[in-house]
Peer 1: 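What follows is a single structure, and I will ask about it in a moment.
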Amino acid sequence: MRASLECGQVFGWRKQGDGYAGVLNARKVFVRQRGSWLEFEGVSAKKLVHYFSLSPEDSLERVYSEILVDDYVRQAVNEFKGLRILRQEPWECIVSFLCSQNSNIPRIEKMLYGMRKSFGAPLEDGFYSFPTPAQLCKATEKQLKQIGLGYRAKYVKEFAEHVARRPAYLKELEKLSYEKAREQLMKHSGIGPKVADCACLYCLKKLEAFPIDAWIKKVLEKKYGRKGGYAALSAFARKRFGRFAGYAQQYLYAFARANPHSLT
DNA sequence: AGCCAGGTTGCGG
DNA sequence: CCGCAACATGGC
């Protein structure tokens with residue numbers, strides 16, 4: 001659970017005692033792992049299983065059997081065994097990765113918390129729901145900048161307005177193929193190949209998506225001898241790791257960050 | 001102080 | 001098609 005919640009795919013969870021606290025379905029949720037069991041409050045078992053990809057159809061063994069094609073991934077999976085790709089709520093997830101660009105994780109968390117606090121609804125213990133598209137539409141660009149979004153403020157506002165006008169938009173995206181969903185996403189200002197791939201992988205459940213950030217780029221260069229633009233690198237990775245390439249990406253990212261020396 | 005951060009855009013070549 | 005600066009800001 002630690003691996004899944006602290007690997008940079010989601011930004012809203014906080015360590016609390018021996019577990020994690022976050023917000024799901026506009027309610028404060030607490031989760032704690034006891035061996036192979038999960039104890040939880042504030043959320044249904046069904047929702048939790050879905051969110052953490054715990055059902056038999058989401059078996060990690062099946063994923064591992066396809067992505068373990070070389071020693072470097074094997075090493076990464078070994079160190080982060082159990083890490084799962086979550087099924088985040090698309091609206092919040094896409095806004096999160098709009099904010100992630102050219103920034104760092106502590107700061108991204110700060111931006112998202114700021115938006116929750118200023119425009120979401122207060123819950124218990126200083127937690128806030130993530131603002132709905134309508135709620136975030138009320139934010140001015142200036143207010144968003146004050147929260148620390150910088151030039152991303154405009155992107156977030158435009159996206160909020162788009163989704164508020166078309167409530168079914170995100171549901172429609174989920175139904176599309178990886179390629180089509182990605183193409184649609186990239187029509188939005190502020191969403192390029194990387195953010196679109198993050199959205200596809202982390203909330204639209206397109207497990208072949210392989211987001212390439214600065215770390216993964218280094219991995220592909222140093223460990224796989226690959227250079228080139230985004231499209232070429234992405235094609236290489238998806239061909240190499242197959243339909244669960246996104247999982248390979250997630251393990252490689254976690255491993256590279258934890259072991260930067262492995263890239264020298 | 002200066003570089004980097006889970007990048008994208010708009011430009012010139 | 002590619003390379004490159006600008007973008008706002010905070011972490012380190």
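So that the names make sense, note that chain A is the first sequence line, chain B the second, and so on, each numbered from 1. Only this structure's heavy atoms are used, side chains among them; waters, hydrogens and symmetry mates stay out.
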Peer 1: Not counting sequence neighbours, which residues clear side chain to side chain contact (heavy atoms under 4.5 Å, CB included) with A/Ala245? List them please.
Peer 2: A/Phe210, A/Arg238, A/Phe241
Peer 1: Tell me what A/Phe11 touches on the nucleic acid: a base, only sugar-phosphate, or nothing, going by heavy atoms under 4.0 Å.
Peer 2: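 Nothing, no nucleic acid heavy atom in range.
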Peer 1: Output one letter per nucleotide in nucleotides 7-13 of chain B: B when a protein non-hydrogen atom lies under 4.0 Å from the base, S when only the sugar-phosphate is that close, - when neither is.
Peer 2: BSS----
Peer 1: From CE of A/Met111 over to P of B/dA5, roughly how many Å is that when rounded to an integer?
Peer 2: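 Nearest whole value for this atom pair: 15 Å.
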Peer 1: Would you check if the distance from the ring center of A/Phe97 to the ring center of A/Phe11 is below 6.0 Å?
Peer 2: yes
Peer 1: Can you tell me how far P of B/dC4 sits from CD1 of A/Ile108, to the nearest Å?
Peer 2: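 After rounding, the gap between these two atoms is 17 Å.
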Peer 1: Nearest 0.5 Å, please: how far is CD in A/Glu66 from CD in A/Glu61?
Peer 2: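 So the CD of A/Glu61 and the CD of A/Glu66 are separated by 12.5 Å.
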Peer 1: Can you sort out the partners of A/Phe236 under ring-ring contact (aromatic ring centres under 6.0 Å, His included), two or more places apart, ordered by chain and number?
Peer 2: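 Counting only residues at least two positions away or on another chain, A/Phe236 forms no ring-ring contact (aromatic ring centres under 6.0 Å, His included).
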Peer 1: Checking side chain to side chain donor-acceptor pair (under 3.5 Å) against A/Asp58, which of A/His50, A/Lys205, A/Arg87 comes through?
Peer 2: A/Arg87
Peer 1: What are the 5'-most and 3'-most nucleotides of DNA chain C lying under 4.0 Å from any heavy atom of chain A?
Peer 2: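 So the outermost contacting nucleotides come out as C/dC7 to C/dG11.
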Peer 1: Run the side chain to side chain donor-acceptor pair (under 3.5 Å) test against A/Tyr51 and tell me which residues pass, sequence neighbours left out.
Peer 2: A/Trp13
Peer 1: On a whole-Å scale, what distance lies between the P atoms belonging to B/dC11 and C/dA8?
Peer 2: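 About 15 Å, rounded to a whole number of Å.
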Peer 1: Any base atoms under 4.0 Å from A/Glu109, or only sugar-phosphate, or nothing? Heavy atoms, all strands.
Peer 2: nothing
Peer 1: From A/Glu41 CD over to A/Leu48 CG, what is the distance, rounded to the nearest 0.5 angstrom?
Peer 2: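 So the CD of A/Glu41 and the CG of A/Leu48 are separated by 11.5 Å.
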Peer 1: A/Tyr113: which residues meet the side chain to side chain contact (heavy atoms under 4.5 Å, CB included) condition with it, sequence neighbours left out?
Peer 2: A/Arg14, A/Lys117, A/Tyr128
Peer 1: Within the 4.0 Å heavy-atom criterion, would you say A/Cys7 contacts the bases, only the backbone, or no part of the nucleic acid?
Peer 2: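 Since a base atom lies under 4.0 Å of A/Cys7, the category is base.
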